[in-house]
Amino acid sequence: MTRDTRARRALPPGSSRLLLASPLLLAACEGRQSVLVDGGADARILTDLFVVMLVGAVVLWFGMNGLFYWATRRSPAPHSQRVANWLVVLGGILFPTVTLGALLVYGLTLMPELRATGDGPVIRVTGEQWWWRVEYEREDGSTVTTANEIRLPAGERSTFLLDSKKVIHSFWVPSLGGKMDMFPGRVTEMTLGPEKPGIYRGQCAEFCGESHAWMAFEAEVMEPDAFEAWLDAEAEPAAAPATPEAGRGAALFLTQGCGACHTVRGTPAMGRVGPDLTHVGARHSLAAGRLGTGVEDFARWVANPGAWKPGAEMPAYDHLSDAQIGAIAAYLEGLE
Amino acid sequence: MDRDDHDREPQPQPHGDEREFSEERESLWRIAFAPTIWAFHFIISYAAVSVYCFKFGALFDMNTLRFALIAMTALMLAAIAWIGWRAFLRWDVRDTGEFTNPEGSAEDRHQFLGHAGFLLAIVSFIGVVYDTLPLILLGSCR
């Protein structure tokens, strides 16, 4: 048997498939929710930190295994007490102390930039089960309330005031920076400095109940002018229904009691239990990243929210006819 | 000369310190000195900065607190170094060449406690230095 065939035989079954799959696995490093995509300064710093740690870990892995190989195969005879003592002092005390000290200094020097004071909008985000209440605090003291979507101006450092209603959640947009826990009754603060316009994905990063995995949101980074225009539009009351069907939906929305939980500004619906729906049709997603915002998505959700998000507080409206649900969906989809 | 004296190994005339350390009951807790300083350093540093940032941030400059804590650190490091040096002398490895002191005689236990105290002092020294790095590198409450 030649050396070559032996080496080939030594490969466990499935290795070639793994090798073929590796480009696919690496492709997973791209995408809207990857920590390796640098949407801003914070994410870039964290990516650098990751690379430094990864390279260090690989060097250490090879170093340790090389030492192991040397000690067991190349030079298996007992070593002198003197060599062993020096190995303990250098490898066991000096090297870890210096390495850990250097990593600590490196990590600490990153922190001031990651925790810099915000110079952009102040956004209060409250974790609910399982969605995000989002309130923009404007300079004139007014508040613009929305939900399940965060828009940020590029090139400015936005401040997040994070709160929670009942359980601990964690606010995380991997492509924009680090995460921060949200505690009931205690406001935590973090800042993010996004730089590249685009749509990123955020995700609750602390288990918060049965639909924790469905608690996501879109984070859109916009040019500052576009952001201001969007915020002005978001502050406006809801648009009137544009079609007769949407008009019927608007009436049903009120008669079915949806307004007890949801706010649609400019209408009698002023509930604060569920997400503000004033401009829900203009959002990127429905139900905190669970569905899209097409008419059929609204219809699916209204008919049976629990099917899409187990444990959701909103009841199913499956007693309504398809036409009635379609009307409500048309109304909501038109709230842009 | 009674029987006990007859059995005992010949030893150098013990001075006060050695006599104390040959009694394990009294000397065991001494090896905890350096880690105790480390623990106090950790608690004092973190508590002082937390309380300052939460309550007194507006009253005085943070650098005052930083320099006070760094001065405290210097004193504590000096104390740990001194404790470590004393423990090293007790270990007496340079004269005996014995690292592990496996015999179990009174003098052996004495030297072993010196060895343990010396290592604990090293760990405590490193711990205090690590504790202090945030104080040096982070100058604000953020």
Side-chain angles (χ1 to χ4, degrees), chain A residues 41-42 45 49 52 78-120 122 157-162 177-181 183 185-193, chain B residues 34-35 38 41-42 45-46 49-50 52-55 57-58 62-63 66 69-70 73 77 80-81 84-85 87-88 91-102 111-112 115-142:
Chain A
D42 308 77
I45 291 170
L49 177 66
V52 167
H79 304 289
S80 71
Q81 182 74 36
R82 196 177 164 77
V83 170
N85 285 346
W86 277 111
L87 196 64
V88 168
V89 171
L90 291 178
I93 301 176
L94 202 65
F95 178 74
T97 304
V98 171
T99 307
L100 290 176
L103 284 175
L104 183 58
V105 168
Y106 172 56
L108 287 170
T109 52
L110 301 180
M111 286 176 81
E113 198 176 339
L114 290 174
R115 292 167 172 232
T117 315
D119 59 358
V122 176
R157 203 163 180 84
S158 301
T159 303
F160 294 92
L161 304 174
L162 304 171
K179 67 178 84 138
M180 177 71 84
D181 279 5
F183 307 96
R186 183 184 162 188
V187 175
T188 45
E189 188 186 322
M190 78 179 293
T191 61
L192 287 178
Chain B
W38 176 18
H41 179 269
F42 182 84
S45 299
Y46 278 76
V49 173
S50 306
Y52 168 82
C53 288
F54 192 65
K55 294 268 184 192
M62 190 176 193
N63 282 337
R66 284 173 77 202
L69 288 175
I70 288 169
T73 302
L77 285 177
I80 290 172
W85 176 244
F88 182 74
W91 180 20
D92 206 18
V93 68
R94 288 178 304 180
D95 291 338
T96 62
E98 263 204 55
F99 271 79
T100 50
N101 308 106
Q111 289 176 353
F112 170 75
H115 186 185
F118 174 65
L119 293 179
L120 284 169
I122 291 178
V123 170
S124 306
F125 193 94
I126 295 168
V128 169
V129 170
Y130 281 6
D131 282 351
T132 312
L133 283 173
L135 206 58
I136 294 167
L137 293 167
L138 304 178
S140 78
C141 289
R142 291 191 67 85

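Every chain is numbered from 1 and lettered A, B, ... according to where its sequence line falls, protein lines coming before strand lines. Atom set for the values below is all heavy atoms of this structure, side chains included, hydrogens, waters and symmetry mates excluded.
Looking at L114(A), there are no atoms closer than 4.5 Å to chain B (heavy atoms on both sides), in backbone or side chain. For Q81(A), no part lies near chain B; criterion is any non-hydrogen pair under 4.5 Å.
Taking SG of C141(B) as the start and CZ of R115(A) as the end, the distance is 11.0 Å to the nearest 0.5 Å. Annotation: the span from Y130(B) atom OH to T97(A) atom OG1 amounts to 5.0 Å, rounded to 0.5 Å.
Shown here is Y106(A), whose OH atom has more than 12 heavy atoms of other residues, nucleotides or ligands within 6.0 Å. Within a 6.0 Å sphere centred on CD of E113(A), heavy atoms belonging to other residues, nucleotides or ligands number 12 at most.
In terms of heavy-atom pairs under 4.5 angstrom with chain A, the leader among I136(B), I122(B), L137(B) is L137(B).
Heavy-atom minimum distance, L133(B) versus G101(A): CD1-O, 4.4 Å. Annotation for P134(B) and L108(A): closest pair N-CD1, 3.6 Å, computed over non-hydrogen atoms.
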